[in-house]
Protein chains: 2
Amino acid sequence: MKKNKNLTSFDEHLDEQYGKRGTAKRTEFEIKAKAFLIGEVIKDERRLANLTQEQLADKIGAKKSFISRIENGKSDIQLSTLYRLLEFGLGRKIELLVH
Amino acid sequence: MKKNKNLTSFDEHLDEQYGKRGTAKRTEFEIKAKAFLIGEVIKDERRLANLTQEQLADKIGAKKSFISRIENGKSDIQLSTLYRLLEFGLGRKIELLVH
DNA sequence: TTTCGTGTTCCATTTTAAGTTAACTTTGTC
DNA sequence: GACAAAGTTAACTTAAAATGGAACACGAAA
């Protein structure tokens with residue numbers, strides 16, 4: 001994968017694509033981007049549990065393609081999906097701290 | 001609001017409506033029910049911030065009816081909506097612990 | 001008892017996650 | 001390289017979230 005030359009150029013790319021920071025569109029992008037990070041967590045937990053995407057999918061009655069999309073940050077999942085994957089599928093407990 | 005006579009009768013009600021614990025339908029109900037609890041958290045945080053539903057709605061460019069539905073556990077919100085409400089709208093930080 | 005602020009509900013449309021299938025790519029092993 | 005297992009992607013349908021708007025409910029205060 002090609003790396004960005006520097007952060008400035010990446011920021012400029014975002015400015016172009018989604019407007020400057022603080023604009024509604026840019027804020028929305030940043031919120032979504034943050035939500036997509038959950039995929040990394042799920043991937044890590046699945047690997048810790050030594051499961052393939054297909055095995056995890058089977059546990060929750062889904063398909064491996066569904067897991068793949070989520071792990072790669074391509075889906076803004078519902079809260080219930082978060083619980084279904086981490087708690088029901090992987091036997092973890094999720095604690096949501098607000099501070 | 002009417003209280004349940006006892007837990008047994010409520011469990012029986014769930015058994016009837018969604019099948020016994022462990023069945024796919026019942027599990028799905030329990031996962032959703034858990035996800036819906038977030039509404040309470042949002043309501044509490046909004047009140048702590050001394051905002052009306054309409055004021056919070058304005059902050060995130062939404063309508064008060066949208067906030068009301070979520071606070072009352074009538075929507076299985078996306079992760080981005082969680083961040084939009086608590087972080088962007090109410091200035092809180094969300095930490096998601098998995099254990 | 002009327003008005004006002006706040007919250008709830010209902011009905012509508014648009015958008016998107018969820019779910020499925022199948023083809024494709026990557027990766028590891030022989 | 002051949003092969004199989006694991007993972008990715010695209011295209012599609014279905015269900016539900018997101019969203020808006022208006023009507024309604026309700027308590028408090030005027």
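Chain naming here is simple, since letters A, B, ... match the order of the sequence lines and numbering starts at 1 in each. Atom set for the values below is all heavy atoms of this structure, side chains included, hydrogens, waters and symmetry mates excluded.
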Main-chain N/O of A:L37 paired to A:E40 side chain as donor or acceptor, under 3.5 Å: no
Whole-Å gap separating C1' (D:dA11) and CZ (A:F66): 17 Å
Contacting residues from residues 75-82 of chain A, given that a heavy atom lies under 4.0 angstrom of DNA chain C: A:S75, A:D76, A:I77, A:Q78, A:T81
Validation row: A:V41, B:L96 side chains within 4.5 angstrom (heavy atoms): no
Nearest-Å distance for atom pair NZ/P, residues A:K63 and D:dA6: 16 Å
Any residue of residues 23-62 of chain B with a heavy atom less than 4.0 Å from an atom of DNA chain C: B:R46, B:T52, B:Q53
Flag side-chain contact, heavy atom, 4.5 Å: B:I67 against B:E71: yes
d(NZ, B:K74; C1', C:dC10) in whole Å: 11 Å
Per-nucleotide protein contact string for nucleotides 22-30 of chain D (B base, S sugar-phosphate only, - none; heavy atom under 4.0 Å): B--------
Quiz item: B:R69 side-chain donor-acceptor pair to C:dG7 base, under 3.5 Å: no
Side chain to side chain contact (heavy atoms under 4.5 Å, CB included) involving B:A24 - partner list, sequence neighbours excluded: none
Partner set under ring-ring contact (aromatic ring centres under 6.0 Å, His included) for B:Y18, not counting sequence neighbours: B:F29
Difference in axis direction between the ends of the helix from C:dT1-D:dA30 to C:dC30-D:dG1, five pairs, 10°: 40°
Pairwise side-chain contact, A:L56 with A:Q53, heavy-atom cut-off 4.5 Å (strictly under): no
Qualifying salt bridge (charged side-chain N to carboxylate O under 4.0 Å, His left out) pairs, either residue in residues 82-99 of chain B, two or more places apart: A:E28-B:R84, A:K34-B:E87, B:E45-B:R92, B:E87-B:K93
Base-contact (B) and sugar-phosphate-only (S) positions in nucleotides 24-30 of chain C, heavy-atom cut-off under 4.0 Å, - elsewhere: -------
Joint hydrophobic cluster, A:L90 plus B:V98, side-chain heavy atoms closer than 4.5 Å: yes
Under-4.0 Å side-chain N/O to phosphate OP1/OP2 contact, B:N72 with C:dT8: yes
Minimum-distance pair of heavy atoms, taken over all atoms of B:S80 and A:A35: N-CB, 3.6 Å
Between CZ on residue A:F66 and CG on residue A:L85, distance to nearest 0.5 Å: 6.0 Å
Contact nearer the 5' end of DNA chain D, comparing A:S68 with B:I70: A:S68
Considering only distance and modelled atom types, tabulate donor-acceptor pairs under 3.5 Å from the side chains of residues 57-64 of chain B, sequence neighbours left out.
none

Any A:Q78 side-chain heavy atom under 4.5 Å of B:L79 side chain: no
Connected hydrophobic set around B:L97, excluding itself, where side chains approach under 4.5 Å: A:L97
A:S75: partners by side chain to side chain donor-acceptor pair (under 3.5 Å), with sequence neighbours left out: none
Residues that B:R21 engages under side chain to side chain contact (heavy atoms under 4.5 Å, CB included), provided they are two or more places apart: B:R26, B:E30
Heavy-atom closest pair, residues B:I70 and B:T81: CD1-CG2, 4.2 Å
Below 4.0 Å: OP1/OP2 of D:dT19 and any side-chain N or O of B:R84: yes
